[in-house]
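Just the heavy atoms: all of them, side chains too, but no hydrogens, waters or symmetry mates, feed the values below. Naming: A, B, ... by sequence-line order, numbering from 1 per chain.
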Amino acid sequence: MPAGVRTLGDRSAFPRDELGDAADLVARRLLGTLLVRSEEDGSDTVVRIVETEAYHQTDPASHSFRGRTARTEVMFGPPGHTYVYFTYGMHWCVNVSCEPEGIGAAVLLRAGIALTNTALVRQRRGERARERELLAGPARLTSGLGLDGSWNGVDLCAPAAPLRLESDGLVVADAGVAQGPRVGVRQAADVPWRFRLADVPEVSRYSRHPKAPPRP
DNA sequence: CGCCGGATGTCCT
DNA sequence: GGACATCCGGCGC
């Protein structure tokens, strides 16, 4: 198992300027960083991000592709804010806005590993959930952290935010990163904008959209 | 492990 | 009316 991935060092706020770049760069950069939720009892639920996907404004698979709407407003705002959307009638997914203000782009957080409050995460996900799948998938991640639409627009770089990005100094080398096509998208199905930690089993399994065109 | 169908709200054509 | 950045349980191998 990759050293350090399941342990936790001293935490500090994640710098906003590292989120202002192109979405694929930010998606790569967010691997190994921490998503922290302040719980009502004062504790922190800390999750190591192990899988991400980039969505650019000129990307037909992106919600921002058809322009600025009420739903996608946060994607066009300043970097480092949550874009939380509802899908398939029952699931929430959380993104981190990136690229400069005025450009609609974000990184979908697809999977993580809980480093603290694991019992609480398991309780939210259901006791039947398998260990490897606790936060392996974008809707499982929000479910385990108790996130929904009310968390849209949160500034993840504000030190006192109830949901925030942090770093504990873990450095993910390029050799430890696997890159490939995104999961379940019909448009731009072969663009390699999904990033994950290689050799970490707690990620979603790749599935191609059933109606995506055949691979070139 | 893989494939399949159902659940179920919002957005876009 | 159809698609959708999904998950789960059931069934077959």
Determine, for A:Arg6 against A:Glu202, whether the closest basic-nitrogen to carboxylate-oxygen distance falls under 4.0 angstrom.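 Judged by the 4.0 Å cut-off on N to carboxylate O distance, A:Arg6 and A:Glu202 do form a salt bridge.
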Quick one: do A:Asp44 and A:Arg164 make a salt bridge, cutoff under 4.0 Å?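 Yes, charged N to carboxylate O under 4.0 Å.
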Looking at [options], which one has an atom nearest to any side-chain atom of [X]?
X: A:Arg125; options: C:dG9, B:dG2, C:dC8; answer: C:dC8
X: A:His209; options: C:dC4, C:dA5, C:dT6; answer: C:dC4
X: A:Met75; options: C:dT6, B:dT10, C:dA5; answer: C:dA5
X: A:Arg186; options: C:dC8, C:dT6, C:dC4; answer: C:dC4
X: A:Tyr55; options: C:dC7, B:dC1, C:dA5; answer: C:dA5

Between [X] and [N], is there a contact of a side-chain N or O with OP1 or OP2 at under 4.0 Å?
X: A:Arg66; N: B:dC11; answer: no
X: A:His63; N: B:dC11; answer: no
X: A:Arg71; N: C:dA5; answer: no

How close or far is atom [atom2] of [N] from atom [atom1] of [X], stated in whole angstroms?
X: A:Lys211; N: B:dC4; atom1: NZ; atom2: C1'; answer: 15 Å
X: A:His56; N: C:dA5; atom1: NE2; atom2: P; answer: 16 Å
X: A:Arg205; N: C:dC8; atom1: CZ; atom2: P; answer: 12 Å

Looking at A:Tyr55, does the NZ or CZ of A:Arg182 lie under 6.0 angstrom from its six-membered ring centre and within 45 degrees of the ring axis? yes
Name the residue closer to the 5' end of DNA chain C, choosing between A:Leu141 and A:Gly89 according to the nucleotide with the nearest heavy atom.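 This one resolves to A:Gly89.
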Judged by each residue's nearest nucleotide on DNA chain C, which is more toward the 5′ side, A:Arg140 or A:Leu108? A:Leu108
Do the ring planes of A:Tyr85 and A:His63 sit parallel (below 30°), tilted (30 to 60°) or perpendicular (above 60°)?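 Judged by the thresholds at 30° and 60°, the geometry between A:Tyr85 and A:His63 is perpendicular.
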Writing each nucleotide of DNA chain B 5' to 3' as (, ), [, ], | or . by Watson-Crick or G-U pairing under 3.5 Å yields |||||||.||||.
Check the interface with nucleotides 5-7 of chain B: list each N/O to N/O pair with the protein under 3.5 Å, or write none.
none

Name the one of A:Thr45, A:Asn117, A:Thr116 that satisfies side chain to side chain donor-acceptor pair (under 3.5 Å) with A:Glu39? A:Thr45
Give me the one residue out of A:Thr33, A:Thr7, A:Asp168 that meets side chain to side chain donor-acceptor pair (under 3.5 Å) with A:Arg48.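 Running side chain to side chain donor-acceptor pair (under 3.5 Å) over A:Thr33, A:Thr7, A:Asp168 with A:Arg48 returns exactly one hit, A:Asp168.
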A:Ala139 near the nucleic acid: base, sugar-phosphate alone, or nothing, with a heavy-atom cut-off under 4.0 Å? sugar-phosphate
